[in-house]
Amino acid sequence: SGDGLMQLGLMNVWCCVLQEVLGEDKLKQILQERELKVYWGSATTGKPHVAYFVPMSKIADFLKAGCEVTILFADLHAYLDNMKAPWELLELRVKYYEQVIKAMLESIGVPLEKLKFIKGTDYQLSREYTLDVYRLSSMVTEHDAKKAGAEVVKQVEHPLLSGLLYPGLQALDEEYLKVDAQFGGVDQRKIFTLAEKYLPSLGYAKRVHLMNPMVPGLTGAKMSSSEEESKIDLLDSKEDVKKKLKKAFCEPGNIQNNGVLSFVKYVVFPLRGEFSIKRDPKWGGDKVYTAFEEVEKDFAEELIHPGDLKASVETALNELLEPIRKKFESPELRKLTNSAYPGASKTSQSGNCLHAENDELAPSRLDIRVGKIISVDKHPDADSLYLEKIDVGEPEPRTVVSGLVAYVSQEDLQDRTVLVLCNLKPQKMRGIESQAMLLCASIEGEPRRVEPLDAPEGSSPGERVFVEGYETGKPDEKLNPKKKVWEKLQVDLKISDECVAQWKDKQLMTKLGQITCKTLKGGNIS
């Protein structure tokens, strides 16, 4: 048909811009018969960043070509990937993603009425889907599941079973969303090949896979929602954009792993068709480029200075971000942002702090880490104090003084895994400086009972401890004793009736699970 030929023509354009297509013959066959049904999914974890404009510009191309496009908000995947999104925040994160991604699409002029939006848990908890997960898990080897998720699922020393399920669920989504093709970053390739290998074993068709390149982050590695320094957030103010671009890796003449240059290639040119360099006449004056290759060539030959490149990218970026910032100035969307990402509230553009009081007392300000006691001795000048050397994941162990002699034996502490608060101001205790605090549960009374808190089995020194829902906040370098941050937060630290450590009824966790104590139900933590 004429439509089919038009789509084939557009297909050739896509294949040039996409990094890779798996199943090109099948793609051509479908396009000759009807419109292509394609989906793009995003796990609702950290806040989407500017690299999301790469898939958005491709989605715009798909829609122009008459494709049926579904956007999947993969909330269950966000939870399965090392609990990057806590269960109680999933709903809010989906709402945030939906609002921000719609705002991005509007910013680049994509009509939303042609798009279908769907949430993973709307169908992934059904009886049929669940049975297919079990059927698939009886076929996929652990080796294949681990290999498939290697570039997508967070890699940790003690992987959780949930991370092995992740690739299989993504494969099943292709069948349950009734699509011909899945579109994603080239980092998804191993998941795509797993889908191609195993879906036919369940009696389902093999799908086409379309891949766009990954944009290097500002640090030179992959831009990531959960790595704050590598990305420019969609709601970053003009000042933040300037600051982050200033720090970005952009060596004169170096075109490898250059996140600033990649942004011009994969976002500015596909959306704008040209790129303007603004500069002083004595350095050649303003210049408009109509092909990325010319920009790359001039940068490689040092005809474009990194400072001029960054300033021009800053202008282009702010043009894209301005409509999104404006949309999110509404009180409802501000509230949604703070609820979906508690403890990560930013200063607004006007400089007024959103939820300043909450931010003041976010538990993420505490630098609590897993530690291992390497040695424990009695304090030379105080019978009630121990002197410990504790490994907290730094080159040298920290010296910690604890008043535990009356409650815990030396043998019980030696080689024990403990929890340590690492950003209190060092304090001298009977002549010896204590560089951290060993955290314990306690119950007052006669006698007073004290137990060190326990990290999950398999924990390693230096692993971060966080409160559910506050994973993304950064701890203070040093807690200011005058502000009494620790004292104000400590009031709400308690042990639950199940012996789990909590702050305001939210659990203290590491990536491996809950922080607990042995027996002191209802105790305090200090």
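Side-chain atoms are counted along with the backbone in the values below, which use heavy atoms only and exclude waters and symmetry mates. Predicted model only: the values in this text are computed from it and were never measured.
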Task: CA sep, side-chain torsions, deciding dist, call: Lys244, Asp236, salt bridge (Lys or Arg N to Asp or Glu O under 4.0 Å) - done: CA-CA 10 Å; Lys244 287 183 179 179; Asp236 274 350; 2.9 Å; yes

TODO: Show your working on side chain to side chain contact (heavy atoms under 4.5 Å, CB included) between Val50 and Phe263 and close with a plain yes or no.
DONE: CA-CA 9 Å; Val50 293; Phe263 188 79; 3.9 Å; yes

Task: Intermediate values then yes/no, salt bridge (Lys or Arg N to Asp or Glu O under 4.0 Å), Arg365 and Asp476 - done: CA-CA 5 Å; Arg365 294 182 65 180; Asp476 291 15; 2.7 Å; yes

Task: Residues Tyr52, Ser42; criterion side chain to side chain contact (heavy atoms under 4.5 Å, CB included); working and verdict - done: CA-CA 10 Å; Tyr52 277 60; Ser42 180; 3.5 Å; yes

TODO: Report the C-alpha separation of Tyr39 and Phe183 in whole Å, then their side-chain angles, then the decisive distance to 0.1 Å, and conclude whether the ring pair (Phe, Tyr, Trp, His ring centres under 6.0 Å) test is met.
DONE: CA-CA 6 Å; Tyr39 101 87; Phe183 163 60; 9.8 Å; no

TODO: For side chain to side chain contact (heavy atoms under 4.5 Å, CB included), just list the numbers for His49 and Lys47, CA-CA rounded to whole Å, side-chain angles, deciding distance to a tenth of an Å, and then say yes or no.
DONE: CA-CA 6 Å; His49 45 74; Lys47 290 181 184 174; over 6 Å; no

TODO: For Asp240 and Leu235, run side chain to side chain contact (heavy atoms under 4.5 Å, CB included): C-alpha distance rounded to whole Å, both residues' side-chain angles, the deciding distance at 0.1 Å, then the answer.
DONE: CA-CA 9 Å; Asp240 285 338; Leu235 299 181; over 6 Å; no

TODO: Dump the intermediate steps for side chain to side chain donor-acceptor pair (under 3.5 Å) on Asp173 and Tyr129, then the final yes or no.
DONE: CA-CA 9 Å; Asp173 290 342; Tyr129 189 95; 2.9 Å; yes

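In this structure, Phe466 CZ and Glu471 CD are separated by 5.0 Å, a value rounded to the nearest 0.5 Å. With rounding to the nearest 0.5 angstrom, the CD atom of Gln490 is 9.0 Å from the CG atom of Leu439. Here Lys372 contributes atom NZ and Ile374 contributes atom CD1; the two are 8.0 Å apart, rounded to the nearest 0.5 Å. Separating the CG atom in Leu512 from the CG atom in Leu160 is a distance of 6.5 Å, to the nearest 0.5 Å. The distance from the CE atom of Met104 to the OH atom of Tyr97 is 10.5 Å, given to the nearest 0.5 Å. Residue Ile71 holds its CD1 atom at 5.0 Å from CG of Leu105, rounded to the nearest 0.5 Å.
By the 4.0 Å N-to-carboxylate-O rule, Arg207 lies close enough to Glu175 to be salt-bridged with it. Salt bridge status for Arg398 with Glu394: present, with a side-chain N to carboxylate O gap under 4.0 Å. Looking at Glu463 and Arg369, no side-chain N of the basic residue comes within less than 4.0 Å of a carboxylate O on the acidic one, giving no salt bridge. Under the 4.0 Å criterion applied to side-chain N and carboxylate O atoms, Asp75 and Arg93 are not assigned as salt-bridge partners.
The heavy-atom pair separating Leu164 from Ala145 by the smallest distance is O-CB, 3.5 Å. Closest approach of Pro167 and Gly163 over heavy atoms only: CD-O, 3.4 Å. Taking every heavy atom of both residues into account, Val420 and Ala436 meet most closely at CG1-CB, 3.4 Å. Looking at every heavy atom in both residues, Ala340 comes nearest to Leu89 through O-CD1, 3.8 Å. Between Cys440 and Val450, the closest heavy-atom pair is CB-CG1, 3.7 Å.
Remark: side-chain polar atoms of Trp503 are not paired, donor with acceptor, to backbone N or O of Val467 under 3.5 angstrom. Side-chain atoms of Ser262 never come within 3.5 Å of backbone atoms of Gly259 as a donor-acceptor pair (strictly under, hydrogens ignored). Judged by distance alone, with hydrogens and angles left aside, the side-chain atoms of Ser434 form no donor-acceptor pair with the main-chain N or O of Val400 at under 3.5 Å. Remark: the backbone N or O of Asp367 is paired with a side-chain donor or acceptor of Asn423 at under 3.5 angstrom. One N or O on the side chain of Ser339 and one on the backbone of Lys335 form a donor-acceptor pair closer than 3.5 Å. A donor-acceptor pair is defined here as one N or O able to donate and one able to accept, closer than 3.5 Å; no such pair exists between the side chain of Lys190 and the backbone of Asp187. Between the side chain of His379 and the backbone N or O of Val401 there is no donor-acceptor pair closer than 3.5 Å. Using a distance-only test at 3.5 Å, with no hydrogens or angles considered, no donor-acceptor pair links the side chain of Tyr341 to the main chain of Leu336. Panel note: side chain Arg449, backbone Ser442; no donor-acceptor pair is recorded below 3.5 Å. Listed for the Ser496 side chain is a donor-acceptor partner under 3.5 Å among the backbone atoms of Glu498.
Tested against Lys95 for a side-chain contact (heavy atoms from CB on, under 4.5 Å), the candidates Glu98, Glu91, Gln99 yield a single pass: Glu91.
Checking Ser375 against Glu388 by side-chain atom types alone, no donor-acceptor pair falls below 3.5 Å. Residues Tyr176 and Asp122 have side chains that never bring a donor and an acceptor to within less than 3.5 angstrom of each other. Side chains of Gln507 and Gln502: a donor-acceptor N/O pair is absent below 3.5 angstrom, by distance only. Counting only N and O atoms by type, the side chains of Gln188 and Gln182 include no donor and acceptor under 3.5 Å apart. Counted by atom type alone, Asn212 and Tyr266 present zero donor-acceptor pairs between their side chains at under 3.5 Å.
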Enumerate donor-acceptor pairs with a distance under 3.5 Å from any side-chain N or O in residues 517-526 to protein atoms, sequence neighbours excluded.
| residue | atom | partner | partner atom | Å |
| --- | --- | --- | --- | --- |
| Lys518 | NZ | Asp454 | OD1 | 3.4 |
| Lys518 | NZ | Asp454 | OD2 | 2.7 |
| Thr519 | OG1 | Glu451 | OE2 | 2.3 |

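Residues Ile515 and Val500 are not in side-chain contact: their nearest non-hydrogen atoms beyond the backbone lie 4.5 Å or more apart. The shortest side-chain heavy-atom distance between Leu72 and Tyr123 falls under the 4.5 Å cut-off. Counting heavy atoms from C-beta on, the side chains of Tyr386 and Asp377 never come closer than 4.5 Å. Using a 4.5 Å heavy-atom cutoff, the side chains of Leu421 and Leu366 are in contact. You'll find the side chain of Thr516 stays beyond 4.5 Å of the side chain of Leu453, heavy atoms only. Between Ile101 and Met56, the closest side-chain pair of non-hydrogen atoms falls below 4.5 Å. With contacts defined as side-chain heavy-atom distances shorter than 4.5 Å, the pair Pro342/Glu468 does not qualify. Leu172 places a side-chain heavy atom less than 4.5 Å from the side chain of Leu199.
Taking the ring axis of Phe117 as reference, the NZ or CZ atom of Lys102 stays within 45° of it and closer than 6.0 Å to the ring centre. For the pair Arg334 and Phe328, the cation does not sit on the ring face, since its NZ or CZ is not both under 6.0 Å from the ring centre and inside 45° of the axis.
Between Tyr166 and His77, the ring planes lie perpendicular to each other; the angle is over 60°, past the 30° to 60° tilted range.
Evaluation of the side chain to side chain donor-acceptor pair (under 3.5 Å) test over residues 193-204, restricted to residues two or more places apart or in two chains, returns Asp132-Tyr204, Asp144-Lys197, Asp144-Tyr198, Glu196-His209.
Residue Glu487 qualifies as enclosed at atom CD: its count of foreign heavy atoms under 6.0 Å is above 12.
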